[in-house]
Enquirer: 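Below is one structure. I have some questions about it.
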Amino acid sequence: MRRTLHALPVVAVGAIVLAIGATDPVAWNEEELAVVRSLSLDELPPLPADPSNRVADDPRAVRLGKAFFFDTRFSSNGQVACATCHQPDRQFQDDRALSLGVGRTNRRAMPIAGMAYSPFLFWDGRKDSLWAQALGPLESAVEHGGDRTQYAHVVSAHHAEAYTEVFGPLPRLDTLPPHAGPVSDPIAAAAWGSMDGADQLAVNDVFANIGKAIAAYERTILPPETRFDAWIASAAFPKPGLLTEDEIAGLRLFIGEAGCINCHNGPLLTDNHFHNTGVPAVAGLPDDRGRVAGSAQVLDDPFNCLGPYSDANPVDCTELRFMAPAGEEMLRAFKTPSLRGVASRSPYMHAGQIETLDQVIVHYSAAQRAPEGLSELRPLNLDETQRRYLGAFLASLDPIQ
Amino acid sequence: MQTHLTRRGLLLGIPFALSASALSAGLFSQTIPDDLDLALRRSTDASLYTVEIAPVDPSVRLGKMHAWTLGLTDKRGRPVESARIAISGGMPQHGHGLPTAPAVTQTLGEGRFLIEGMKFNMRGWWEIDLTIDGPSGTDAITFNFIL
Ligand SMILES: [Cu+2]
């Protein structure tokens with residue numbers, strides 16, 4: 001640690017020199033150019049395999065999963081589908097601070113594009129695959145509100161042929177209760193408790209397969225090209241052209257002084273990790289401990305990569321096997337969201353706490369104390385022009401119309 | 001996790017004048033001290049062992065899980081076949097630890113070990129802290145790595 005202490009004054013001097021030295025707004029050095037290019041959609045590697053889902057790349061599973069994603073019969077009131085909160089024409093989110101399904105959620109709906117690249121799902125990362133993730137809202141009392149045998153019956157009644165083609169024959173369901181599952185509804189929970197173990201396992205298989213088909217579809221949802229990507233690919237790059245001087249000045253702040261790139265990096269502008277950034281708690285909502293709770297939950301999840309419904313060889317579950325333990329650092333830490341398309345999908349943060357992008361930038365500039373845990377941010381004290389530049393850059397991450 | 005807290009504590013301890021300067025240092029500084037020892041083969045703090053680490057795939061990519069090999073020799077240069085090795089680390093300028101919990105998963109023989117589960121989720125200066133509990137006693141070493 002002594003080494004760190006020695007290093008700090010050096011860092012400080014460096015920062016001051018940087019601050020004073022006027023930078024030519026047009027000239028980029030090679031390293032900066034490489035960092036800028038690393039944000040381009042062209043740099044997105046091929047989809048990572050999902051060894052826990054044997055049908056992840058099966059086109060028949062994609063078709064079936066897409067049908068599931070839009071099917072409101074998978075809900076207690078016949079009105080809620082995944083697409084209710086993840087609307088394809090709205091970047092697969094719903095423009096609300098908190099989402100409305102059968103009830104109201106305690107967090108904001110997340111856009112889905114590119115999330116097949118993400119090792120942990122949800123704001124707190126309590127799921128470790130897209131298929132395990134999909135099972136969460138299906139059983140949540142405020143989202144789809146249904147239960148496992150109900151969903152198995154829906155598959156059998158409306159999707160049997162396509163299901164059988166992908167996963168093989170459905171188990172016998174006619175003797176099973178219409179509503180049963182380990183859910184908060186007491187009647188369905190009691191019915192589940194009285195089912196025999198073999199039936200529960202058979203239903204769990206169908207339930208997991210619903211998730212696997214949905215995940216296969218979600219893997220095909222990728223972020224569209226933005227003006228920023230087109231600029232990098234253009235002949236003008238890195239000079240103004242498809243991006244204005246202000247937007248480029250914002251980009252420079254983003255990858256430099258403002259340090260946004262630390263967490264919003266790579267072609268999806270996320271490090272796929274969890275950070276406490278001092279986002280205020282919402283009065284009236286339950287205490288949200290973020291990743292501290294999520295990392296414990298994902299280890300306990302029977303549908304995780306190491307569980308009985310996973311198709312993976314346990315050694316392939318590297319993210320789970322080497323997951324960092326939930327330390328102090330993860331208290332109120334939330335997943336870094338992708339910033340692609342961010343300007344046209346307010347509100348922001350895990351419970352929609354911040355209304356506009358301008359306010360988001362003010363939040364970063366001020367770096368207020370976290371309501372719980374410790375924020376990783378330090379005040380940036382950006383002036384009005386710098387804040388405007390950053391906002392302009394973020395708008396260049398919108399899809400080309 | 002001790003080291004993470006220490007790092008965090010250090011950052012919070014930066015004098016006010018410094019953290020409130022127009023462009024605060026710490027988290028947002030890309031300036032890496034130029035006198036860092038970047039050697040990946042070094043002797044441990046109390047010189048009980050010599051440790052050499054190397055990424056299995058030399059092109060370590062941002063955000064990708066990857067493995068490292070570790071070579072361990074004692075004071076006289078003889079390979080150490082058996083040792084308990086703990087890995088931690090983080091970014092001293094950002095005040096956070098490693099995003100994963102890497103571990104030695106295999107003994108490869110001739111004093112070599114496989115470390116799996118390494119990941120760097122940001123560019124910049126990383127410290128890799130190793131604690132080695134072997135036949136000559138317990139010793140530690142911090143490597144510097146710049147991504
Ligand atoms: Cu960092």
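No experiment lies behind these values; they were computed from the predicted model shown. Order of the sequence lines sets the chain letters (A, B, ...), proteins ahead of strands, with each chain counted from 1.
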Enquirer: When you compare the side chain of B/E116 with that of A/V315, does any pair of heavy atoms fall below 4.5 Å?
Expert: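 No - every pair of side-chain heavy atoms lies 4.5 Å or more apart.
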Enquirer: Distance from A/T270 atom OG1 to B/N121 atom CG, nearest 0.5 Å?
Expert: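 Spacing of OG1 (A/T270) from CG (B/N121) equals 9.0 Å.
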Enquirer: So, for B/P99 and A/A324, which heavy atoms are closest and what is the spacing to 0.1 Å?
Expert: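 Taking B/P99 first and A/A324 second, the nearest heavy atoms are O-CB, 3.5 Å.
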Enquirer: Please flag which part of B/P102 lies under 4.5 Å from any non-hydrogen atom of chain A: side chain, backbone, both or neither.
Expert: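 Backbone only.
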Enquirer: Please list, in residue-number order, every residue in residues 51-73 of chain B that has a heavy atom less than 4.5 Å from any heavy atom of chain A; write 'none' if there are none.
Expert: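 Answer by number: B/R61, B/L62, B/M65.
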Enquirer: Applying side-chain hydrogen bond (donor to acceptor under 3.5 Å, both in side chains) to A/R321 and B/T105, what does each step give before you reach the verdict?
Expert: CA-CA 11 Å; A/R321 284 170 59 217; B/T105 55; 5.4 Å; no
Enquirer: Evaluate the side-chain contact (heavy atoms from CB on, under 4.5 Å) criterion for residues A/N262 and B/H94: first the C-alpha distance (whole Å), next the side-chain angles of each, then the deciding distance (0.1 Å), finally the verdict.
Expert: CA-CA 9 Å; A/N262 287 334; B/H94 295 179; 3.4 Å; yes
Enquirer: So for atom CD, which belongs to A/E43, do other residues, nucleotides or ligands contribute more than 12 heavy atoms lying within a distance under 6.0 Å?
Expert: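 Counting other residues, nucleotides and ligands, CD of A/E43 exceeds 12 neighbours.
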Enquirer: Do the side chains of A/E319 and B/K119 get nearer than 4.5 Å, heavy atoms only?
Expert: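 Yes. Closest side-chain heavy atoms under 4.5 Å.
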Enquirer: Between B/H96 and A/E376, is any pair of side-chain heavy atoms under 4.5 Å apart?
Expert: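 Of all side-chain heavy-atom pairs linking A/E376 with B/H96, at least one is under 4.5 Å.
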Enquirer: Got A/D271 and B/M122 here, is their nearest side-chain heavy-atom distance under 4.5 Å?
Expert: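 Side chain of A/D271 against side chain of B/M122, heavy atoms only: contact under 4.5 Å found.
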Enquirer: A side-chain contact here means heavy atoms from C-beta on lying under 4.5 Å apart; do B/R123 and A/N265 qualify?
Expert: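 A side-chain contact under 4.5 Å is absent here.
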Enquirer: Answer with side chain, backbone, both or neither: which region of A/P48 has an atom nearer than 4.5 Å to a non-hydrogen atom of chain B?
Expert: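 For A/P48, there is no contact with chain B at all, as no heavy atom is under 4.5 Å.
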Enquirer: Within residues 76-83 of chain B, which residues come under 4.5 Å of chain A, heavy atom to heavy atom?
Expert: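 Listed by number, there are no contacting residues, so the answer is none.
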Enquirer: Is chain B contacted by the side chain of A/S38, its backbone, both, or neither, given a heavy-atom distance below 4.5 Å?
Expert: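 Just the side chain, heavy atoms under 4.5 Å.
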